[in-house]
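Count residues from 1 along the sequence.
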Amino acid sequence: MNAITISGNNIKISVSVYLFKEGDTYIAYCPSLDLSGYDTTEETAKSDFEYMLKDWLKTQSENNTLRKDLESHGWR
């Protein structure tokens with residue numbers, strides 16, 4: 001189940017992430033946010049996804065656009 005809880009400056013997020021391989025590249029993809037990370041191993045692809053997610057959350061929070069971006073991806 002996908003969920004985001006915002007309490008003050010804290011954001012708790014739970015989303016589905018699919019890990020798959022294309023050629024020599026592992027991809028970690030979250031369809032509900034349309035975010036992905038990738039690298040040459042499963043672990044580094046997961047780490048790259050975590051970095052991308054944190055960066056996305058930081059950018060959305062700083063720009064006060066989190067709600068708008070989530071709604072654009074079908075969140076309610």
Side-chain angles (χ1 to χ4, degrees):
M1 180 172 144
N2 296 315
I4 293 181
T5 305
I6 302 170
S7 177
N9 290 332
N10 295 319
I11 300 173
K12 183 179 177 182
I13 186 165
S14 175
V15 290
S16 297
V17 178
Y18 300 95
L19 185 63
F20 57 96
K21 188 174 182 182
E22 282 190 9
D24 293 333
T25 304
Y26 286 91
I27 300 168
Y29 177 65
C30 175
S32 62
L33 298 173
D34 196 26
L35 288 176
S36 61
Y38 62 93
D39 212 321
T40 56
T41 69
E42 288 183 20
E43 289 306 312
T44 53
K46 290 177 190 177
S47 293
D48 189 56
F49 174 81
E50 288 178 23
Y51 172 82
M52 296 301 290
L53 177 61
K54 287 177 184 176
D55 187 59
W56 173 80
L57 283 169
K58 179 183 176 201
T59 300
Q60 298 303 322
S61 296
E62 288 175 352
N63 294 326
N64 200 31
T65 55
L66 181 58
R67 180 178 300 274
K68 184 177 179 179
D69 191 79
L70 289 171
E71 288 173 352
S72 75
H73 288 96
W75 288 68
R76 297 178 200 210

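A salt bridge links E43 to K46: one of the charged nitrogens lies within less than 4.0 Å of a carboxylate oxygen.
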Do N2 and S16 pass the side-chain contact (heavy atoms from CB on, under 4.5 Å) test, and can you show the C-alpha distance, the side-chain angles, and the key distance before you say yes or no?
CA-CA 7 Å; N2 296 315; S16 297; 3.9 Å; yes
Derivation and outcome, side-chain contact (heavy atoms from CB on, under 4.5 Å), residues L33 and V15
CA-CA 8 Å; L33 298 173; V15 290; 4.1 Å; yes
Please assess T44 against S47 for the test side-chain hydrogen bond (donor to acceptor under 3.5 Å, both in side chains), listing each intermediate value before the final yes or no.
CA-CA 5 Å; T44 53; S47 293; over 6 Å; no
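K21 NZ to T40 OG1: the interatomic distance, rounded to the nearest 0.5 Å, is 9.5 Å. Note that CD1 of I11 and CD of Q60 are 9.5 Å apart. Values are rounded to the nearest 0.5 Å. Interatomic distance, M52 CE to C30 SG, rounded to the nearest 0.5 Å: 12.0 Å. The structure places CD1 of I4 at 9.5 Å from OG of S14, a figure rounded to the nearest 0.5 Å.
Environment of CD in E22: sparse, with no more than 12 heavy atoms of neighbouring residues, nucleotides or ligands closer than 6.0 Å. Annotation for N64: atom CG does not count as buried by contact number, only 12 or fewer foreign heavy atoms lying within 6.0 Å. Annotation for F20: atom CZ counts as buried by contact number, over 12 foreign heavy atoms lying within 6.0 Å.
The hydrophobic clustering, which links ILVMFWY residues whose side-chain heavy atoms are closer than 4.5 Å, places Y29 and L70 apart. A chain of hydrophobic side-chain contacts below 4.5 Å, direct or via other Ile, Leu, Val, Met, Phe, Trp or Tyr residues, connects L57 to I6. F49 and Y26 fall into different hydrophobic clusters, where Ile, Leu, Val, Met, Phe, Trp and Tyr are joined by side-chain heavy atoms under 4.5 Å apart, directly or via other members. One hydrophobic cluster, built from ILVMFWY side chains closer than 4.5 Å, cannot hold both Y38 and L53; they sit in different ones. The hydrophobic cluster containing I13 also contains W75, counting ILVMFWY residues as joined when their side-chain heavy atoms lie under 4.5 angstrom apart, directly or transitively.
L19 approaches A45 most closely through the heavy-atom pair CD1-CB, 4.3 Å.
Remark: side-chain polar atoms of N63 are paired, donor with acceptor, to backbone N or O of T59 under 3.5 angstrom.
In this structure, the side chains of W56 and L66 come closer than 4.5 Å at one or more pairs of heavy atoms.
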